[in-house]
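Accompanying notes for the structure given below.
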2 protein chains.
Amino acid sequence: MNAGTFRSWQSIQQEVLRRIHAREWEPGEVIPNEADLAREFGCARATVNRALQALAESGLLERRRKAGTRVALHPVSKATVNVPVIRLEIEERGRSYGYERITRLESAPAPLWAAAAMGLAAGTPLLHVAALHTADGAPFVHEDRWINTDTVPGAAQQDFRDVSANEWLLTNAPYTHGDICFAAMAADGEPALRLDASDGAPLFVIERTTWDGARAITAVRLSYAPGHSIRTTI
Amino acid sequence: MNAGTFRSWQSIQQEVLRRIHAREWEPGEVIPNEADLAREFGCARATVNRALQALAESGLLERRRKAGTRVALHPVSKATVNVPVIRLEIEERGRSYGYERITRLESAPAPLWAAAAMGLAAGTPLLHVAALHTADGAPFVHEDRWINTDTVPGAAQQDFRDVSANEWLLTNAPYTHGDICFAAMAADGEPALRLDASDGAPLFVIERTTWDGARAITAVRLSYAPGHSIRTTI
DNA sequence: CAGTGGTCTAGACCACAGG
DNA sequence: CTGTGGTCTAGACCACTGG
């Protein structure tokens with residue numbers, strides 16, 4: 001009866017969503033297999049497959065060979081947080097971007113958090129760059145960065161005075177994978193000073209480490225100005 | 001020459017990654033079109049398409065009809081944060097889960113943040129539930145939840161004494177979409193008390209609103225115990 | 001063992017947007 | 001207008017895993 005009504009994988013996805021939401025297919029229940037759905041919808045199995053794979057990726061369906069496809073009992077919402085270059089993050093909000101390098105040390109002993117994140121011994125000498133990114137002149141985020149020049153020799157030639165390490169590394173040191181950590185920390189020391197935050201004020205902090213295979217490229221702690229939040233949809 | 005070497009879309013994805021990483025295809029550069037790559041790799045175009053679409057979704061490639069596929073100049077790292085049911089979040093860490101309902105009010109005026117998130121007037125009467133989730137007996141996260149019983153009538157019958165609103169709603173009030181916000185806030189009032197956090201301590205906070213179409217289901221503020229962080233990979 | 005999803009193929013048509 | 005990606009199809013084989 002539905003034959004011909006659902007032609008694109010998106011429309012099939014919509015219909016599946018409708019059935020889940022209308023409780024025609026209940027949480028935990030096995031839904032018909034791909035071949036049956038394809039027949040019902042009057043389309044090829046590959047089209048159904050595309051729709052169901054997308055829903056499985058979003059966590060709403062769970063699929064296993066032979067066991068079939070079931071509606072997830074506890075749909076894990078997967079929030080995708082975009083972490084762009086800071087300059088673009090600011091410009092996309094229609095604010096004017098500013099950058100100021102604070103310090104650059106050719107070789108400084110890595111602090112515990114950076115060393116641990118990069119899998120190095122604490123105190124390993126690394127290239128260190130501290131900088132402040134501003135939006136409409138106001139402090140936006142403080143960048144505390146540690147770079148492994150063994151992995152990225154080119155970084156030693158950069159002074160990061162005009163182009164931030166954030167931006168330079170992203171286009172010049174492609175990474176294979178990375179770790180990222182979101183946390184809340186009390187404002188303290190130089191970041192607090194630069195961000196005009198009173199000592200102990202809660203700051204939103206992102207720590208990120210990127211790798212080229214098994215070799216760490218860089219570790220960075222981004223301390224955002226008070227009140228900053230990250231929004232997305234699920 | 002490569003014909004026959006790359007047969008699965010994953011292996012093609014790997015090869016494309018290798019070329020990007022090895023700078024054979026530089027940032028901003030247009031790469032060969034799908035038909036050419038399919039010929040080079042000795043596979044069907046659909047297989048190449050699958051590999052390139054996956055890479056585009058991850059932000060490493062940018063694709064436009066007619067314009068072709070290019071290596072992203074500023075690869076936006078997309079971190080996917082899984083937000084599971086709190087009970088599972090704790091149990092997956094191998095810790096024992098505990099739950100305690102603190103208060104339940106049939107009808108309380110919505111605070112500003114909740115009302116704004118749900119698109120209602122401040123002070124709109126809503127069902128309010130406050131609860132504490134514990135891990136190995138220690139406070140883990142404080143749940144401050146506001147439920148729109150117009151949208152979810154069934155919630156009015158629940159006392160949320162044994163099953164948390166978090167869990168009950170996820171399986172009983174499927175949502176079409178939601179907003180989520182990560183922030184850092186100073187510990188204050190009841191959450192601070194329940195979490196054994198000193199006043200003003202930085203807390204990691206997640207605010208989430210879920211919708212059934214245009215109707216708000218619930219808004220929740222999750223205040224995590226001091227030191228909590230969210231980790232993922234990119 | 002057999003049913004289910006995962007994937008590949010060869011070919012086709014279409015939608016979009018660059019030139 | 002034309003090249004490029006986006007998608008659909010019908011059929012096939014395979015990989016995994018539940019029973």
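By convention in this document, chain letters (A, B, ...) are assigned in the order of the sequence lines, proteins followed by strands, and residues within each chain are numbered from 1. Just the heavy atoms: all of them, side chains too, but no hydrogens, waters or symmetry mates, feed the values below.
- For B/H74, the side-chain contact (heavy atoms from CB on, under 4.5 Å) test picks out A/V85, A/R87, A/L88, A/E167, A/T171, with sequence neighbours left out.
- With sequence neighbours left out, B/R231 forms a salt bridge (Lys or Arg N to Asp or Glu O under 4.0 Å) with no residue at all.
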DNA chain D base-pair string [pairs: Watson-Crick or G-U under 3.5 Å; |: paired with another strand]: ||||||||||||||||||.
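- Between the P atom of C/dG3 and the CG atom of A/L37 lies a distance of 18 Å, rounded to the nearest Å.
- Listed by chain and number, the residues in a side-chain contact (heavy atoms from CB on, under 4.5 Å) with B/R101 are B/Y99, B/R104, B/V129, B/D159, B/F160, B/R161 (sequence neighbours excluded).
- Every residue two or more places apart in sequence or in another chain that forms a salt bridge (Lys or Arg N to Asp or Glu O under 4.0 Å) with B/R63 is listed here: B/E34.
- Residues that satisfy the salt bridge (Lys or Arg N to Asp or Glu O under 4.0 Å) test with B/D150, not counting sequence neighbours, are absent from this structure.
- Rounded to the nearest 0.5 angstrom, B/T69 OG1 and B/L55 CG are separated by 10.0 Å.
- Under the salt bridge (Lys or Arg N to Asp or Glu O under 4.0 Å) criterion, B/E26 pairs with no residue, sequence neighbours left out.
- The side-chain contact (heavy atoms from CB on, under 4.5 Å) test applied to A/A22 returns A/R18, A/E24, not counting sequence neighbours.
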Base-contact (B) and sugar-phosphate-only (S) positions in nucleotides 5-12 of chain C, heavy-atom cut-off under 4.0 Å, - elsewhere: BBBSB--B
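- Between the CZ atom of B/R70 and the C1' atom of D/dT4 there is a distance of 13 Å, given to the nearest Å.
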